[in-house]
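Quick notes on the structure that follows.
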Protein chains: 2
Amino acid sequence: MADIAAHIDIPCQRCKVRNRAICAALEDDQLVDLNAISEHITLERERTVFFESDPADYLFNIIDGHVRIHKSLADGRRQITGFLYSGDFLGLSVAGMYPYGAETITPTTFCRFSRKGLTKIIEKYPAFEHNLLQLASHELAAAQEHVLLLGRKTAVERLSSFILNVTAKQHGGLDNGTAILPMTRQDIADYLGLTIETVSRTFTRLKKGGAIRLPEPDLVEIASLDQLEDFALGESTI
Amino acid sequence: MADIAAHIDIPCQRCKVRNRAICAALEDDQLVDLNAISEHITLERERTVFFESDPADYLFNIIDGHVRIHKSLADGRRQITGFLYSGDFLGLSVAGMYPYGAETITPTTFCRFSRKGLTKIIEKYPAFEHNLLQLASHELAAAQEHVLLLGRKTAVERLSSFILNVTAKQHGGLDNGTAILPMTRQDIADYLGLTIETVSRTFTRLKKGGAIRLPEPDLVEIASLDQLEDFALGESTI
DNA sequence: ACGCCAACTTGACCTAGGTCAATGAGCGGA
DNA sequence: TCCGCTCATTGACCTAGGTCAAGTTGGCGT
C-alpha cells in the first residue's frame, strides 16, 4: 500500500500548504486517502463560503487568500471573530452546523474535504483527530485572548494588539516589519468591537505617536516594536 | 478483561457526573483504566486551581461546585472567560501550558487526571479524543458567542444573555425558572466586560422592566421569558 | 483627462457606561 | 446583640468612544 503510494503522483504532496495545514498530520504515503476526498475550489473576493447555521458538510483548508469569519445579530450588528490566512483551517461544527459564517476578503483557493470522508480518515488515522484537537485548543485560546481584548482593552490597546498579531501571522511568528492589511477598516472595526471612525483615528494616533508608519491605508510598518508592544499591553498611553 | 471489570468495584461507575462528564466517552468496563489515573480533590471557596501559564500537568472534571476561568492584564484588569459547573471539564492546554487561570467560586470537588495518564487512555480508546474534540468545538463556539456579546451588545443585552445562559445551564437546556448566581457582581462584571456598578444598575433596570425578579442578590427568577429573550437579542429596549 | 465611487480621514458633538463617593443590607464572630 | 466585615445598590458627574456630517484620496472606466 505504502509502496504503491510512493510511486504514484499524489497532488497533495506538492501542495503549497502541505506542511502547515491539517494534512501535516499524515505521512506522505497516507495522503492518498486524503487526496481522494478533497478538491480545490476558488472563490472571488467578497463571496460567502458558508452561512452561520448552514449544515456543516465540508471542512476547508485555505491554500491561498484571506477569509473572515463572523457572527451577527438580527439588526445587522456584526462581530468578526477571526481573520484566516493561507494554511488555516475552518469548518469545525457544533451539532452539525457551522457556528459562524465565513466570507472571502480576497480571491481565495480552498482545499475542501467532505465531513463524511474526513470521518473515515479519522477512523483510519487517529493522528488526524489528535491534530484537530490541538488545532481546536489553539483556536480556543485565541478566542479567549479575543475575549480579553474586547472586554478589557482600550481602543489603542486593541489596535496595537491587532497589528502585532497580523504582523506575527504574516511573518510566521516574527513580531516586526511590515504587514499587509487585506481587510477594510470596517472589517477591522467589526473585529475589534469599535467603529470605523475610531479605528481610523486610532491609526492616526499610533502614527503620530511614532509606533507605526502607514505608507498606504492597507500597509502598516512597525516603527517602534517596543512602543507598540507597550501600547498592546496597556503599559503606556498616547 | 471486560468480565473481570464487570465484577470489581470501579468508583467511577458510581460517580455523580458519570454520564455528563468526559468519562461518558468510555463504556463501564473501560472505566478501570480511567479510574487508575484519576483522583478526587476538594478545594475551599476562592482558591486557585491553577494559574495562567502553569505547566498543564492535569485535566479536571468538576464533580460539584463552581469555578471561574480568567485572563488578566499586567495592571490587574481581569476578564473572566467562563463559569464552570458540575460536569464541566477544564484543563485543555496550548504548548503545554494552561492558557487561562482557574479559581473556585464555592467549595469544589474535582476529578483530576494526569495529562500523561490521559495520553495513554487516548491511545487505547480513540473515542476519548473524539469526545475531547467535540467538547473543544463546543467551547470554541461558546467563546465566539462571548466575543459577539462583548464586541457588539449593550449592557442590557449582555446581562439578559447571561441570565438566560446561566438558567439554561442549571436546568439542562430549559430556558426558564429560577437560577442561583454563585458568583459576585464583580465576577459578573468581569465576565460581561462591564463594571460592578453597571451590572447592579442593569439588574435594577431588568427588574423594573418586569423581565426578572431578584428576591435575593444571588437568586434570579425569570418573570417574563419573552421579554428577557427580546432584551438578549436586542429586539427591545428598556 | 475626467468623473465616479468606494474607502478612508477628520471634525463637532453626544451618550452609554465608567468613576467616585455615599449608603444600605446581611452575616459571622466576640 | 452589637460590631465590623464584605457585598450590593444608588446618585452625581465624567470620558472614551459613538454618531453625524463633511472632506479627501485613489483607482477605474470611458
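Protein chains get the first letters and strands the later ones, always in sequence-line order, with residue 1 at the start of each.
For C:dT19, neither phosphate oxygen OP1 nor OP2 lies less than 4.0 angstrom from any side-chain nitrogen or oxygen of B:Thr195. Using a 4.0 Å cut-off, no side-chain N or O of A:Ser200 falls inside it from OP1 or OP2 of C:dT10.
The ring of A:His66 has its center closer than 6.0 angstrom to the ring center of A:Tyr85. Taking the six-membered ring for Trp and the full ring otherwise, A:Phe110 and A:Tyr58 have centroids separated by 6.0 Å or more. Ring centroid separation for the pair A:Phe162 and A:Tyr191 comes in under the 6.0 Å cut-off.
Atom CZ of A:Arg152 and atom P of C:dG18 are 7 Å apart (whole Å). Here C:dG17 presents its C1' atom at 21 Å from NZ of A:Lys153, a figure rounded to the nearest Å. Taking atom CD1 of residue A:Ile196 and atom P of nucleotide C:dC8, one finds them 6 Å apart after rounding to whole Å. Here the P atom of nucleotide D:dT25 and the CZ atom of A:Phe203 are 19 Å apart, to the nearest Å. Computed from coordinates, the B:Lys208 NZ to D:dT9 P distance equals 12 Å when rounded to whole Å. B:Leu159 has its CG atom 17 Å from the P atom of C:dA16, to the nearest Å. Per the geometry, CD1 belonging to A:Ile105 stands 19 Å off P belonging to C:dA6, to the nearest Å. Atom CD in A:Glu197 sits about 18 Å away from atom P in D:dA16, given to the nearest Å.
Separation of atoms OG1 (B:Thr81) and CZ (B:Arg68) is listed at 11.5 Å; rounding is to 0.5 Å.
For a distance-only test at 3.5 Å, the side chain of A:Arg201 qualifies as a donor-acceptor partner of the base of D:dT19.
Nearest-nucleotide assignment on DNA chain D puts the 5′-proximal partner with B:Lys207, out of B:Lys207 and A:Arg158.
Considering only the side chain of B:Thr198, C:dG17 comes nearest among C:dG17, C:dT9, D:dG17.
Note on A:Thr184: only backbone sugar-phosphate atoms sit closer than 4.0 angstrom, heavy atoms only; bases stay farther off.
Electrostatic pairing of B:Arg152 and A:Asp75 does not count as a salt bridge here, judged by no charged N lying under 4.0 Å from a carboxylate O.
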